[in-house]
Amino acid sequence: MTEHTESRFFTDEPRFRSHPLDEAFARHLEYSLVRDKHTVVPHDSFKALAMAIRERLIRDWLRTQEEYRRNGLKRVYYLSMEFLMGRLLRNILTNLGSYQECRVLLEDLGFSLEDLRELEPDMGLGNGGLGRLAACFLDSMATLGLPAFGYGIRYEFGIFRQTIVGGEQREEADNWLRAGNPWEVVRPELSYRVRFGGRVVTEQSNDGRLEFRWIDTDDVLAVAHDTPVPGYRNGVVNNLRLWQAKATLELDFPDFNRGDYMTAVESKNQSENISKVLYPNDVFHEGRVLRLKQEYFLVAASLQDMLRHFEEQHGPAWDLLAERVAVQLNDTHPALAIPELMRILIDDKGLDWIPAWEITQSTFAYTNHTLMPEALERWPVSLLEELLPRHLQIIYEINQRFLDQLRDDDSADPGRLQRVSIIGAEPDRNVRMANLSVIGSHTVNGVSALHTDILRDTLLADFNRIFPDKIINITNGITPRRWLFDSNPLLAELIMDRIGPEVATDLTQLTKLEDLLEDESFKQDWRNCKWVSKVELARLIEHEQGIEIDPESLFSVQIKRLHEYKRQLLNILHVVTLYRRIKDNPDADIVPRTVLISGKAAPGYGMAKLILQLINGVSRVVNNDTDVDGRLRLVFLPDYSVSLAMKIIPASDLSEQISTAGYEASGTGNMKLALNGALTIGTRDGATVEMAKAIGDENLFLFGLAADEVARLRESYDPHAIYRANPELRGVLDMITGDVFSPGRPGLFKPIFDALVHHGDPFFVVADYDAYIEAQDRAGRCFQERDRWTRLSIINAARMGHFSSDRTVAEYASCVWNVQPVEQACTAPTPDGTWDRVVGNGHATV
Ligand code: 9L8
């Protein structure tokens, strides 16, 4: 029999002329989905369209992957527990250059592309910045033509859906796969066995070597589901591979044969639970067994997949591994990859410890995303012993050898060994995943300059002395395709019109906008874009919540997870301050404002949920007070998501980046808002510091304590004294404890007051209050000077070129991964005009 691969069926020429989109759409609606006019539901039309578009990607997808196999370039594997992709339709059409064509064709069939887009569920497989960064990187890696592969988990339930009932957050399951997923391809043939539990037996081999066998395990299968990731108009289609857990046997046969049918079915369910649900915590480590299982599941499946490919290409030449493969660990969540690779190399491939360790260390790199102690992963030794006994042995050995090396160097202080040990003692013996990650990687990076400095000086200070060049900075970025072209097509069009289409792959071109600061018609167009977006958002809010907002007012926007360090509370104190000013003097000449807040609170984070309740409490009172007369609105938009962000950001005037300095590792929303012409009011935190440097301090509204000042003040901080001395602040806080915003629920917000005034205000809300109010007043006055505001808006956007994730990824490629892009897999337009225009050569420069 002929091998499939040799069959004449597979040709290099397109076998089928790509069908025109409209025809493919109609065909899928009728023949794939089996619908007629009586049975069709709206979601079918989205699905049929997605299937038609996926069809167009497939040739390039296959060709790209084949090209990667053929050219043998070094590969990058991005391991992440989160990929916050959002909707794919618009982004894929943008990158293919087919959006307009598609819109027109559908219009002829009586469909609206804008309406169909709204039917796609978000791929909400992440919590916040860390997951969205992974998604931005995928777009940039494909656009740069890097042989890069994303590996994650196909959670059946992504981040929960948030509803607000009586001002409180309710969580609902996000059943995003309910109606099927037209983008993905299931690959049952790519299923790997992932082992848990069992025990380790040691045997002496014939040549005297100790051999370790991990036996009697409980096994689960990981099944590959692939999602295409097209680059921007370059013919490259990379792959995001998500693993789904499946029981190894349809039923557990011992139980089954004993006649215990129900137990057999239950154990199948249990193993499939591994990919059931995303843990809804942002910047918080919850040490659950299931989470540890998820982390190992991702790692074990992904490594088998990568090594299978490596062995196909290079056989057992393991010393070549680090030359051929770079693995990036998105925080410590996939850090078990380090002992897992050691286990495979030693136990399965027969390598000795020393070469195995050298290979492992030179393969991995680790990105640190936070310094918050509650987010640092620590797993009880007892748990690892139970779940991954062989890995625990390997971790011990890694630690032993590392500490032994240090003991030779007696110059260090006595506490150092304790601090750098992978094994911690508090509260019980635990494995510190950050230490494991630093020791097992060749490079560690922070995500902004400030964060990297603090990392070197505090959390990783000992390691920074031990490995002086290991810790580097790579400042985060965002993809301009999604965060400008897809979300704000009007502004994107205006920008491309004036400075050319190259900006899509070279965001530094934006500086050319500064030549247009005296161009009155350009400035008018710029204002118009903002105006149209604000009107659209106002309509949405009116439609969803029945709240009328004034598009002429200043839209200030804080959109991010609810967290005390992000200080949504400070924002609310400002709103209440304005409200009090109006109440004290109803005729006051105040700048009309609309304060928009959106974000989810982790279901178990009581204080964040209480702050969310306060936001809704204040919003109710302020929006319904006739004295306010429309001059102040506070709107909480429920169920924040990537797709909601894409609607809010273009409509924003002022971007609230007000975290306690030193706490936000980078932030990326700050970049998205500035790119869309919002001015920033912010602290000197995370990447906002670098934004201010690029934009010019005088062109945004910086305020408050700097990171080093926060650290110094902590010693002597007395928020109660400030409360006593500051009448405006006192008025505001007393209004909150006076139950003005919690009618019928006396004392509801007392814990917030207590945290600020009596429990030391750990996030310095009270300390920064005055400076914040002053900065808001400045911003308000500035907004009244229309021309000045427009110029600043343009300047802010124009100086955002550095914050493209194309630049970020190019830095990883050259400083961490040492990988090169492919030559264009395809530059020629296909006969049916798949590329509207081919822009850029896909090679970014650092
Ligand atoms: N808070 C940072 C943000 O400043 C940064 O822009 C973004 C991308 O670098 O990463 C955010 C971040 N997320 C997390 C995070 C930690 C976890 C987690 C789940 C379990 C345990 C820890 C999910 C997210 N850290 N930093």
Side-chain angles (χ1 to χ4, degrees), residues 78 80-84 124-137 152-153 155 158-159 277-288 290-292 294-295 298 328-335 366-379 432-434 437 444-452 454-455 459 473-479 483 559-567 599-600 602-605 608 645 657-673 682-683 685-691 707 763 803 805 808-809 811-812:
Y78 198 83
S80 179
M81 287 289 282
E82 306 189 13
F83 285 93
L84 193 42
L125 309 185
N127 278 287
L130 170 143
R132 182 54 231 176
L133 188 74
C136 282
F137 283 6
I153 294 178
Y155 302 107
I159 187 67
V277 58
L278 166 77
Y279 275 89
N281 300 318
D282 192 65
V283 196
F284 185 78
H285 166 61
E286 188 178 334
R288 300 285 193 97
L290 181 59
R291 167 76 182 192
L292 184 60
Q294 289 183 337
E295 294 185 355
L298 165 65
Q328 191 68 31
L329 305 175
N330 199 19
D331 215 286
T332 59
H333 316 158
Y366 152 56
T367 305
N368 174 286
H369 294 270
T370 184
L371 300 153
M372 301 285 287
E374 65 266 35
L376 299 181
E377 291 191 298
R378 294 153 177 267
W379 293 105
R432 299 159 165 170
M433 303 304 271
S437 302
V444 175
N445 77 284
V447 291
S448 74
L450 176 65
H451 168 66
T452 306
I454 303 176
L455 204 55
L459 186 67
N473 174 242
I474 303 184
T475 299
N476 283 168
I478 57 170
T479 170
W483 297 110
I559 44 177
K560 49 186 82 235
R561 285 297 285 248
L562 269 121
H563 214 299
E564 287 163 280
Y565 84 81
K566 293 176 189 280
R567 298 201 294 191
K600 294 174 182 176
Y605 189 170
Q657 305 302 334
I658 58 178
S659 52
T660 316
Y663 283 82
E664 190 71 272
S666 164
T668 44
N670 46 3
M671 304 167 189
K672 294 161 197 168
L673 284 153
T683 47
D685 199 14
T688 304
V689 175
E690 289 153 83
M691 285 172 53
F763 299 101
F803 301 94
S805 49
T808 309
V809 162
E811 287 184 19
Y812 278 94

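Start at 1 with the first residue, then count along the sequence. Counting convention: from 1, in listed order, for ligands and their atoms alike. Computation of the quantities below employed the complete heavy-atom set of this structure, encompassing side-chain atoms and omitting hydrogens, waters and symmetry-equivalent molecules.
If you check the side chains of Asn281 and Glu286, you find a donor sitting under 3.5 Å from an acceptor. Judged purely by distance below 3.5 Å, without hydrogens or angles, the side chains of Asn670 and Thr688 pair a donor atom with an acceptor atom. Side-chain contact of Asn127 with Glu82: a donor-acceptor pair under 3.5 Å is present, judged by distance alone.
Checking Glu377, Met433, His333 against atom 22 (C) of ligand 1, the nearest heavy atom belongs to His333.
Of all atoms in ligand 1, numbered sequentially from 1 with element shown, those under 4.0 Å from a heavy atom of Arg291 are 19 (C), 20 (C). Atoms of ligand 1 found under 4.0 Å from any heavy atom of Gly667 (numbered from 1 in listed order, with element): 3 (C), 4 (O), 5 (C), 6 (O). Near Thr370, meaning under 4.0 Å from one of its heavy atoms, ligand 1 places the atoms 25 (N), 26 (N). Which parts of ligand 1 touch Ala375 is read off a 4.0 Å heavy-atom cut-off, strictly below it: atoms 21 (C), 22 (C). Every atom of ligand 1 is numbered from 1 in the order shown, and the set under 4.0 Å from a heavy atom of Phe284 is 17 (C), 19 (C), 20 (C), 21 (C), 22 (C). Which parts of ligand 1 touch Asn281 is read off a 4.0 Å heavy-atom cut-off, strictly below it: atoms 18 (C), 19 (C), 23 (C). Applying the 4.0 Å criterion to heavy atoms of Ala665 picks out, from ligand 1, the atoms 4 (O). Of all atoms in ligand 1, listed by their number and element, those nearer than 4.0 Å to a heavy atom of Glu82 are 23 (C).
Nearest protein heavy-atom neighbour of atom 26 (N) of ligand 1: His369 O, 2.9 Å. The shortest contact between atom 15 (C) of ligand 1 and any protein heavy atom is with Val283 N, 3.4 Å.
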